[in-house]
Every structure is written in C-alpha cells, then in structure tokens.
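Working notes, structure below.
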Amino acid sequence: MLDACAELLDEIGYEALSTTRIAERAGVAIGSVYQFFPDKRAITQELTRRNVEEFVRRVDRKFLEEDHRGWWEAVDAIIDEYVDMHRTVAGFKSLHFGDVVDLNLLDSDSDNNTVIAGRLRGLFLKEFGLADSPELDLAVLVAVEAGDAVLKLAFRRDPDGEPEIVEAAKHLIRGFLSRQLRSWSPHD
C-alpha cells in the first residue's frame with residue numbers, strides 16, 4: 001500500500017490522492033487500507049517515515065563504506081544522497097520529509113527538519129568527534145533548513161535537480177558551517 005501511495009503521489013499529487021486510488025493501485029480491498037490507515041494523510045505520514053528512515057540508513061551506509069576527509073565531504077555526501085533519493089525513490093520528490101503533509105510529522109514537539117538536523121548532528125558527533133554544543137545544534141539546524149530550501153528550488157526548476165543549484169547548495173552549506181564551526185573548517 002505504501003508503494004502504491006508513493007507511485008500515485010508522483011503521478012497525480014497529494015490533492016488528487018485517495019484511499020480508493022491507493023487500494024486499486026495496490027490491488028487490495030478498500031477495507032484492507034482502512035484496517036491499517038484511517039485516511040490518505042495517515043498513509044502519506046507512514047510513507048514519509050519510511051523515506052526518512054531510508055535516508056538515514058543510506059547516509060549511515062555512506063559513512064561506513066566511504067572515508068570522508070572531514071565534515072565538509074560528509075555534507076556533500078548527504079546532499080548527494082538526498083538528490084539521489086529525490087530522483088529514484090517513488091514518493092520522495094512529492095513528500096520530501098513530510099512538509100507537504102505535516103511539519104510535525106516525525107515528532108509532535110519538533111518540526112521535521114529539526115528531527116533531520118538532530119539525526120545528522122548525531123552522525124557528525126559520532127563520525128567527526130565534534131564537540132556537542134548549542135552552537136553545533138543551531139549550525140546544523142540552519143544548514144538543514146537552508147539546504148532544504150535550495151534543493152527544493154533545484155528540483156522545482158528541473159525534475160532531475162538543476163546541477164548548478166545542487167552545487168550551489170553544497171557551497172552554501174559548507175561556507176555557512178565553515179564560518180559557524182571555525183575550528184572544524186576545511187582547508188582547501
């Protein structure tokens with residue numbers, strides 16, 4: 001049902017989505033949909049959770065499989081993963097991290113980007129030994145918000161993500177974090 005929802009989101013969008021269409025696409029009775037989900041919002045919320053978990057899994061895997069000289073290369077790897085999911089994972093380009101459906105989808109007390117920032121902050125702490133601080137929290141949150149906005153622009157202008165804007169997002173985030181986290185700045 002989640003896969004059917006993802007496909008339909010990409011084809012017809014959230015507004016035209018319905019539980020009936022999801023059931024038809026999934027090849028199940030409408031009652032089966034309602035057994036697990038009360039409405040289309042609940043299905044898209046679960047799809048968003050799945051997408052976020054997949055994003056975090058992919059980023060974790062990148063950190064395990066690839067050596068990054070520093071946090072600045074990790075930033076590029078994270079952006080590359082986001083762009084790849086946008087291009088290849090059904091429903092991701094329609095939902096991103098749930099902002100279309102619910103800004104507090106992932107946590108009732110924090111907006112979705114704050115949750116994503118917290119997870120990425122944890123990766124930076126673990127992988128690069130950055131000192132935990134309120135400054136780091138703020139820097140990662142602002143970087144996530146800025147990156148999210150610029151990457152959305154890249155995909156609004158080109159369904160595959162305008163390469164120049166994706167690259168600009170990387171430069172923007174690295175530059176911002178370099179200024180905020182002076183002691184961890186890359187040495188180009």
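If you read the sequence from its start, that first residue is 1, and numbering goes on from there.
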Atom pairs and distances, side-chain donor-acceptor, residues 21-40, under 3.5 Å, sequence neighbours left out:
| residue | atom | partner | partner atom | Å |
| --- | --- | --- | --- | --- |
| Arg21 | NH1 | Ala16 | O | 2.7 |
| Arg25 | NH1 | Glu7 | OE1 | 3.1 |
| Arg25 | NH1 | Glu11 | OE2 | 3.0 |
| Arg25 | NH2 | Glu11 | OE1 | 2.7 |
| Tyr34 | OH | Thr19 | OG1 | 2.7 |
| Asp39 | OD1 | Arg41 | N | 3.3 |
| Asp39 | OD1 | Ala42 | N | 2.9 |
| Lys40 | NZ | Tyr14 | O | 2.8 |
| Lys40 | NZ | Glu15 | O | 3.3 |
| Lys40 | NZ | Leu17 | O | 3.3 |

Which distance, rounded to the nearest 0.5 Å, do you find between the [atom1] of [X] and the [atom2] of [Y]?
| X | Y | atom1 | atom2 | answer |
| --- | --- | --- | --- | --- |
| Asp60 | Glu53 | CG | CD | 9.5 Å |
| Arg87 | Lys93 | CZ | NZ | 11.5 Å |
| Leu8 | Thr44 | CG | OG1 | 12.0 Å |
| Ile78 | Glu73 | CD1 | CD | 12.0 Å |
| Ile173 | Ser178 | CD1 | OG | 11.5 Å |
| Asp76 | Lys62 | CG | NZ | 10.5 Å |

*What do the steps show when you test Leu47 against Ile43 for side chain to side chain contact (heavy atoms under 4.5 Å, CB included), and what is the final call?*
CA-CA 6 Å; Leu47 178 60; Ile43 299 170; 5.6 Å; no

*May I ask you to check whether over 12 heavy atoms, not counting those of Arg157, lie within 6.0 Å of atom CZ?*
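Check fails, neighbour count at 12 or below.
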
Any side-chain heavy atom of [X] sitting closer than 4.5 Å to one from [Y]?
| X | Y | answer |
| --- | --- | --- |
| Arg58 | Val89 | yes |
| His171 | Arg174 | yes |
| Arg50 | Asp3 | yes |
| Arg156 | Leu153 | yes |
| Asp132 | Asp137 | yes |
| Lys170 | Asp80 | yes |

_Using every non-hydrogen atom in the two residues, find where Ala146 and Leu172 come nearest and quote the distance to one decimal._
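Closest approach of Ala146 to Leu172: CB-CD2, 3.8 Å.
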
*Passes side chain to side chain contact (heavy atoms under 4.5 Å, CB included), Leu151 versus Tyr82? Steps please.*
CA-CA 9 Å; Leu151 290 170; Tyr82 178 94; 3.6 Å; yes

*What is the ring orientation for Phe55 with Phe92, classed by angle as parallel under 30°, tilted 30 to 60°, or perpendicular over 60°?*
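Ring orientation, 0 to 90° scale: parallel.
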
*Decide, yes or no, whether a salt bridge links Glu54 with Arg57 under the criterion of side-chain N to carboxylate O below 4.0 Å.*
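Looking at Arg57 together with Glu54, the answer is yes, because their closest N to O distance falls below 4.0 Å.
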
*asked:* Could you check whether any side-chain N or O of Asp10 sits under 3.5 Å from a backbone N or O of Ala90, counting only pairs where one atom can act as donor and the other as acceptor?
replied: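 Here the side-chain-to-backbone pair does not exist.
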
